[in-house]
Amino acid sequence: MEKAALQEALAILLPGSVADATGEWLQLQVAPEAWQQAAIVLRNDPSLLFDFLFCVTCIDWKTQLTMVYHLRSTVSGHTLVVKINLPRDRPQLYSVSGIWRTAEFNEREAFEMFGVDFLQHPDLRLLILPDGWEGRFPMRKDFEDPVNMIKL
């Protein structure tokens, strides 16, 4: 499916989202409260079939956080980047680990590095950092480490 056809299909299937076709891959902005239902549509709709979640990351813009999910359809070969803006003071988002299993570890990483609370996640605990790092988010731009003198 070409980018324009994919954009049209998404406009019909996910009317509250906003698509941007200016980059290499189509980007879709989704509201946090619509993300879980949108993920189900993206995964299961026969015209989309985004069955492969290959990258999840978070961006700290200092004023908000943005979760970024990269999806691909192994059936049709199209790729989509989904972005969800979250408030920095209390970032919460429903987990999609029940839809794409690969999200389980990626969401745990965003939880420990950025402080995003993934609701209904099956195992939301530290993944990389040692015990004692709970509540300290080293990938946020306001993180300061006096021992290693890290300041972003």
Side-chain angles (χ1 to χ4, degrees), residues 6 10 13-45 48-152:
L6 179 58
L10 290 170
L13 294 168
L14 301 171
S17 62
V18 178
D20 177 8
T22 57
E24 178 182 353
W25 295 325
L26 186 66
Q27 297 180 34
L28 189 69
Q29 188 74 44
V30 177
E33 61 276 4
W35 170 227
Q36 198 172 46
Q37 186 58 41
I40 292 168
V41 170
L42 292 169
R43 173 70 175 89
N44 298 324
D45 187 274
L48 302 175
L49 295 176
F50 284 104
D51 56 344
F52 181 42
L53 172 65
F54 66 92
C55 182
V56 177
T57 191
C58 186
I59 303 167
D60 181 357
W61 299 104
K62 290 190 176 181
T63 57
Q64 68 183 9
L65 299 178
T66 301
M67 285 301 304
V68 184
Y69 291 80
H70 290 77
L71 306 170
R72 182 171 292 136
S73 171
T74 60
V75 177
S76 63
H78 48 262
T79 302
L80 179 68
V81 178
V82 180
K83 296 181 178 183
I84 304 113
N85 292 329
L86 302 172
R88 208 167 179 281
D89 60 337
R90 192 169 179 204
Q92 289 185 328
L93 189 63
Y94 278 96
S95 174
V96 291
S97 60
I99 300 166
W100 296 286
R101 186 71 193 267
T102 53
E104 188 172 333
F105 283 102
N106 290 290
E107 289 175 347
R108 280 178 62 185
E109 183 180 12
F111 164 71
E112 76 177 328
M113 296 294 172
F114 291 93
V116 178
D117 182 17
F118 292 95
L119 306 171
Q120 298 178 345
H121 190 282
D123 188 20
L124 198 58
R125 60 187 166 95
L126 295 182
L127 178 66
I128 302 165
L129 298 172
D131 290 338
W133 274 79
E134 293 85 353
R136 300 172 63 197
F137 310 119
M139 293 302 290
R140 285 200 180 191
K141 291 188 176 175
D142 61 354
F143 178 76
E144 292 185 28
D145 183 1
V147 173
N148 296 310
M149 295 184 280
I150 297 171
K151 185 175 181 178
L152 297 176

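Computed from a prediction, not measured in an experiment: that's the story for all the values here.
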Test side-chain contact (heavy atoms from CB on, under 4.5 Å) applied to D20 and T22, step by step: CA-CA 6 Å; D20 177 8; T22 57; 2.8 Å; yes
Would you call [X] and [Y] a side-chain contact if the rule is heavy atoms closer than 4.5 Å?
X: L80; Y: L10; value: yes
X: V116; Y: E107; value: no
X: D117; Y: L124; value: yes
X: M113; Y: L129; value: yes
X: L42; Y: L14; value: yes

Quick one: pull up [atom1] in [X] and [atom2] in [Y] and give me the separation to the nearest 0.5 Å.
X: I59; Y: Q64; atom1: CD1; atom2: CD; answer: 9.5 Å
X: N106; Y: C55; atom1: CG; atom2: SG; answer: 7.0 Å
X: L26; Y: L6; atom1: CG; atom2: CG; answer: 5.0 Å
X: L93; Y: L119; atom1: CG; atom2: CG; answer: 7.5 Å
X: L71; Y: T79; atom1: CG; atom2: OG1; answer: 9.0 Å
X: I99; Y: I40; atom1: CD1; atom2: CD1; answer: 4.5 Å

side-chain contact (heavy atoms from CB on, under 4.5 Å) between W133 and E112: does it pass, once the steps are laid out? CA-CA 8 Å; W133 274 79; E112 76 177 328; over 6 Å; no
[X] side chain to [Y] backbone, donor-acceptor under 3.5 Å:
X: W100; Y: R43; value: no
X: T102; Y: L53; value: yes
X: H78; Y: L48; value: yes

Stepwise, does the side-chain contact (heavy atoms from CB on, under 4.5 Å) test hold for D142 with K62? CA-CA 8 Å; D142 61 354; K62 290 190 176 181; over 6 Å; no
Among R140, K141, R88, which residue satisfies the side chain to side chain donor-acceptor pair (under 3.5 Å) criterion with D60?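 Only one option passes, and that is R88.
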What is the ring orientation for H70 with F54, classed by angle as parallel under 30°, tilted 30 to 60°, or perpendicular over 60°?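 The rings of H70 and F54 sit tilted, inter-plane angle from 30° to 60°.
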Let me check something: any side-chain donor-acceptor pairs from residues 29-38 under 3.5 Å, sequence neighbours excluded? List them with distances.
from: Q29; atom 1: NE2; to: K83; atom 2: O; distance (Å): 3.3
from: Q36; atom 1: NE2; to: S95; atom 2: O; distance (Å): 3.3

Under the side-chain contact (heavy atoms from CB on, under 4.5 Å) rule, what do I84 and Y69 come out as? Steps first, then yes or no, please. CA-CA 9 Å; I84 304 113; Y69 291 80; 3.8 Å; yes
Qualifying residues under side-chain contact (heavy atoms from CB on, under 4.5 Å), relative to R125, sequence neighbours excluded: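 Here the qualifying residues are R108, D123.
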With sequence neighbours excluded, what pairs up with R101 under the salt bridge (charged side-chain N to carboxylate O under 4.0 Å, His left out) test?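 So R101 forms a salt bridge (charged side-chain N to carboxylate O under 4.0 Å, His left out) with E104.
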